[in-house]
2 protein chains.
Amino acid sequence: MNIVIQMQKNNQNTRNLLPLTNFEGSLANKVYLVLRTAILSLVYHPGEILRKREICGKLGVSRSPVSEAIAILASEGLVNVVPKAGTYVSLFSMDEIKEGAFLREALELAAVEYLVDKITDDQLAQLYQNLGEQEALISGGDFDAFYVKDSKMHELIMSFTGFKRLRTLAESSWVQVNRARHLNLPSPGRIQETVNEHRNIIKAIEAGNHQQARTATRNHLRQLIKYLEPLEIERPELFEPS
Amino acid sequence: MNIVIQMQKNNQNTRNLLPLTNFEGSLANKVYLVLRTAILSLVYHPGEILRKREICGKLGVSRSPVSEAIAILASEGLVNVVPKAGTYVSLFSMDEIKEGAFLREALELAAVEYLVDKITDDQLAQLYQNLGEQEALISGGDFDAFYVKDSKMHELIMSFTGFKRLRTLAESSWVQVNRARHLNLPSPGRIQETVNEHRNIIKAIEAGNHQQARTATRNHLRQLIKYLEPLEIERPELFEPS
DNA sequence: ATGAATTGACTAACATGTTAGATTGAATGC
DNA sequence: GCATTCAATCTAACATGTTAGTCAATTCAT
């Protein structure tokens, strides 16, 4: 018995958490970002219990900032707090993933349509610059590097509206989709398709065509869901029973 | 000096906070709802400092739940936490109000468009039922009662999508607009117009007309902003300097 | 073997003590 | 009279102690 407990402790202690110094802001905010990163990259598995004391020890902080961090994670839906019992990493839920995709689509469609009338030449140039960098990565097969550029492009579009909370909100809505994305590797041909979809969006914005911009954006965002839907059958243990 | 302080304390102690028992959930959640209600109804004025100790005393709780409540209010943008200095009720910001309106429009347009294809007969009946109740209130001039029905209708639309977070998110986005709304009384004729706009939305959904549903919803949501824009000039002390 | 009851370990929630940084306003120098 | 300094006072942030609810393993009765 003692041996089993010891093994669990070892497994958890050797778990790979980023150091607090990688992040900025209050201690609570740093802890929040550390935990969020760990949950999104599946270092903590869906359904797993989150041990406050272990986190305190590993990060060298007291329970206050950890509690505050967990409260924020709970409001985002990344963890599930059971009063007086424990905090658990949320299981995937296909309903929540679909809702996240819906919210993201709602926000991004509005952003794109807003930009159709208001985008500046400089902003357009930045988008094309980013698109060029994406193209340069097509043949390399470096999915991670490509994904960074991909995210960056969506961030650019959000920030160009000038609405400060929009980006945060979109990312927070998208978070479950983003976590699920880590479960499967993208197919090689998908990168080329993605770049084409991105180009369609930018061109429609440039052309000032509302309807086309909406269609291109919607089409692009709905691709990912297609790849995620089979996961519920392939990895049922990570999903909420429905 | 002592007299002045005493007067301030009296002013604050007689302030009208709802009792904790009006709300449910954890103590922290109750405190959050008490404070949120007070801020939205302008019991606490924009720019005013929020005294934790006073709140603790008045509600009979310790600082922990109050701190957690304030953290959530801060994430919503209703208060402004200055580290090691103080927490202040956020000033109005026309930019934030416009952003709130943008986000709400994005979400509600998506919801309405979603419902155009998926609404059930029973749901439509509920909307018409609500619309009838609105009509009954037109002549009475009871703005508060009408506003309850108005909010209820938008809630219905959001909930009919089946997306659980959508309603919360829309309300949270809208919160600054909602607070600003308390600053001016609606004009009597506006109620009739509002009901007409609501009817247009429902009819477009019923007709299954995407474009018309979008136009009707957008048109309706953009009315309120027109009434709010003059406030920045009429009540500059409540707004952030821009 | 099986199911209910119980107990003990674990946890979040809450209370309270401590620290450090910001603000304010009075005292000081010019 | 006016700017500057500096100390008293305020606050959020953080640490730690306490309480009470939950859960799971084990025991005990059947």
Side-chain angles (χ1 to χ4, degrees), chain A residues 1-6 8-9 11-13 20-21 23-35 44 47-90, chain B residues 1-6 8-9 12 20-21 23-35 44 47-90:
Chain A
M1 230 278 278
N2 275 327
I3 294 171
V4 172
I5 289 173
Q6 191 58 42
Q8 285 183 346
K9 280 200 172 178
N11 281 343
Q12 292 176 346
N13 282 334
L20 283 175
T21 49
F23 304 97
E24 53 194 21
S26 68
L27 205 47
N29 192 54
K30 289 177 189 169
V31 174
Y32 161 68
L33 291 171
V34 168
L35 293 178
Y44 285 113
E48 192 176 353
I49 193 168
L50 223 55
R51 294 181 192 286
K52 249 188 205 176
R53 196 174 318 154
E54 179 202 330
I55 294 165
C56 293
K58 199 177 298 185
L59 298 179
V61 301
S62 82
R63 290 167 302 169
S64 303
V66 175
S67 293
E68 196 174 320
I70 285 178
I72 302 174
L73 291 169
S75 78
E76 279 190 303
L78 282 177
V79 303
N80 208 350
V81 179
V82 181
K84 316 275 185 182
T87 300
Y88 303 86
V89 178
S90 297
Chain B
M1 230 281 275
N2 277 326
I3 295 170
V4 173
I5 288 174
Q6 191 58 43
Q8 283 182 347
K9 280 199 173 180
Q12 292 175 344
L20 284 176
T21 50
F23 304 97
E24 52 193 23
S26 68
L27 205 47
N29 191 55
K30 289 177 188 169
V31 174
Y32 161 69
L33 291 171
V34 168
L35 293 178
Y44 285 113
E48 190 176 354
I49 194 169
L50 222 56
R51 293 180 194 286
K52 248 188 206 177
R53 195 174 321 154
E54 179 201 329
I55 295 165
C56 293
K58 197 178 299 184
L59 298 179
V61 300
S62 83
R63 290 167 298 163
S64 302
V66 175
S67 293
E68 194 174 324
I70 285 178
I72 301 173
L73 291 170
S75 77
E76 279 190 303
L78 283 176
V79 303
N80 209 349
V81 179
V82 181
K84 316 275 185 184
T87 299
Y88 304 87
V89 177
S90 296

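Residue numbers begin at 1 in each chain, while the letters A, B, ... track the order of the sequences.
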Nearest-Å distance, [atom1] ([X]) to [atom2] ([N])?
| X | N | atom1 | atom2 | result |
| --- | --- | --- | --- | --- |
| K84(B) | dC10(D) | NZ | C1' | 13 Å |
| R63(A) | dG17(D) | CZ | C1' | 7 Å |
| L27(B) | dT19(D) | CG | C1' | 13 Å |
| I49(B) | dA22(C) | CD1 | C1' | 11 Å |
| N29(A) | dA12(D) | CG | C1' | 15 Å |
| Y88(B) | dT23(C) | OH | C1' | 7 Å |
| I72(A) | dA13(D) | CD1 | P | 11 Å |
| E68(B) | dA13(D) | CD | C1' | 15 Å |

Presence of R53(A) side-chain N/O under 4.0 Å of dT11(C) phosphate oxygens OP1/OP2: yes
Under 4.0 angstrom between S67(A) side-chain N/O and dA12(C) OP1 or OP2: no
Residue R51(A), side-chain heavy atoms: nucleotide from dT11(D), dC10(C), dC14(D) that is nearest: dC10(C)
Side chain of A85(B) - closest among dA12(D), dT23(C), dC14(D): dT23(C)
Distance in Å, E68(A) CD paired with N29(A) CG, rounded so as to fall on 0.5 Å steps: 8.5 Å
Atom pair CD1/CG of I55(B) and L50(B) - distance to nearest 0.5 Å: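 Answer rounded to 0.5 Å: 4.0 Å.
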Verdict with supporting geometry, L59(A) and L27(A), side-chain contact (heavy atoms from CB on, under 4.5 Å): CA-CA 10 Å; L59(A) 298 179; L27(A) 205 47; over 6 Å; no
Heavy-atom closest contact (K52(A) atom, V66(A) atom, distance):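 Of all heavy-atom pairs spanning K52(A) and V66(A), the closest is CG-CG1, 3.7 Å.
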S26(A) or V82(A), whichever maps to the more 5' nucleotide of DNA chain D: S26(A)
Passing option when L73(B) is tested against T87(B), L78(B), N80(B) for side chain to side chain contact (heavy atoms under 4.5 Å, CB included):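 Going through the options one by one, the only one that passes is L78(B).
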Any N/O donor-acceptor pair, S64(A) side-chain to dA13(D) base, under 3.5 Å: no
